[in-house]
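Atom set for the values below is all heavy atoms of this structure, side chains included, hydrogens, waters and symmetry mates excluded. Residue numbers start from 1 in every chain, and the chains themselves are labelled A, B, ... in the order their sequence lines are given, proteins ahead of strands.
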Amino acid sequence: MSDEKKSTAIDLKNLKAGGFIKERGKDLFTVRLRVPGGRLPVARLKKIAEVAEKYGQGMVHLSVRQSVELININFKDFDAVVAQLGEGTQKVASCGARVRVPTACGGCEYNPNGLVDTQKSALEVDEKLFGTPTGHHKFKVGFAGCPFDCPKSATNDVGFQGAVWPVLSVEECIGCGLCDKSCTEGAITMGEDGKPRFIPENCIYCGDCLKVCPTEAWRAEKKGYTVRIGGKWGRRPLVGTLFAEFLPEEQVVAFIAAVLAWYKEKAEGQGRVRLGDVIRAEGPEALLACLREQFPAFVVDATIPPQAIATQVGKER
Amino acid sequence: MTTVDLRGVTCPTNFVKAKLALEMVDAGEVIEFLLDDGEPVKNVPRSLKSEGHKLLGLKEAEGYYILTLEKGEE
């Protein structure tokens, strides 16, 4: 028997970062593509379609984390698929215990609610941290541009949510009351002098007051991300809890890197464990203290551990 | 002054109707819109502001709101 018959030559470097996922059928795999923030130039989309048509069986799948997945790909075609996608600069994503491709909403460029440039953040994190081995389990990052939070940021290991802190310059206020009408959180009420009063404890940093104000009397005093850590979904979901506020966009990568370093160290020897469960075991103060050293202006004074979400509600015990 | 009654018209149709009404007046002209409470009064003024019109004021009437604005430049 010749060597050619015994083994198929596959460039194993292609498989190193994952992204090739075994399917039910013999020899068939899903190839998960790297689409940070779910935004895809049309030229790349066309190339993906071309490759899918040539090597797949007529379908692609859109993953819940904004990726295009080529399905029903024969493993013998891996090298050809990777090479041809590469002509359109499309890369393969990852799976396993690594930093995954970040998700993001449309952000502030065209979405009227967006407060920060989530697309830019997603691209930056993808460039600097994608594929980093955690040593323990998967590590997901997501960006929401505002508190509507379409990407469900708190279900990520580190979730970012756009935020502004409003401040009123009374001289420019014409007392129209639109901010009071717009604020659904009860953080603004009209005073007896016909000018708005800010009730800071009710504010969730959505910026609706700034957006509606006719005279720009409401302005952003601080802008950045609300950061929640320790979320996940799956069989035992956790909702991430608050660790930092108004983190500047430029510090996102450094912040995630600090969380990753803590996770790598604290989960040592524990096997396949997610960040949220490590925080629950260590206590959130340990992570808060570690982050405070590097980000003192943004880390909150106190928080609670990631919270378990009951998914078996209604089931009789 | 032109008054456009958008009461009973839901989002985003009310905003589109407001845009159509604004096409009929000159820049600098003041126009009034009658808006329902809730989503309309929360969204329509903000959308009109982002289209470059100048919001002048909001008055509460009986069960609805009167938004006054000045049409911006094209």
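Taking the side chain as every heavy atom from C-beta outward, V116(A) and C108(A) never approach each other to under 4.5 Å. Two residues are said to be in side-chain contact when any heavy atoms from C-beta on lie closer than 4.5 Å; Y225(A) and F298(A) fail this criterion. Counting heavy atoms from C-beta outward, P237(A) and T311(A) have side chains that approach closer than 4.5 Å. Taking 4.5 Å as the limit, every side-chain heavy atom of D26(B) sits out of range of all side-chain heavy atoms of K71(B). The shortest distance between side-chain heavy atoms of F243(A) and V259(A) does not fall below 4.5 Å. Contact annotation: the side chain of C176(A) never approaches that of L55(B) to less than 4.5 Å [non-hydrogen atoms, C-beta and beyond].
Of the charged side-chain nitrogens involved, at least one lies within less than 4.0 Å of a carboxylate oxygen, so that R7(B) and D5(B) count as a salt-bridged pair. Under a 4.0 Å N-O distance rule, the pair K120(A)/E250(A) does not qualify as a salt bridge.
Both the backbone and the side chain of L178(A) come within contact range of chain B, judged by heavy atoms closer than 4.5 Å. Using a 4.5 Å cut-off between heavy atoms, D37(B) touches chain A through its side chain atoms alone. Heavy-atom distances place the backbone of L56(B), and not its side chain, under 4.5 Å from chain A. Within the 4.5 angstrom heavy-atom criterion, no atom of D180(A) approaches chain B. Only the side chain of K49(B) comes within less than 4.5 Å of a heavy atom of chain A; its backbone N, CA, C and O stay farther away.
Chain B is approached within less than 4.5 Å, heavy atom to heavy atom, by no residue from residues 146-171 of chain A.
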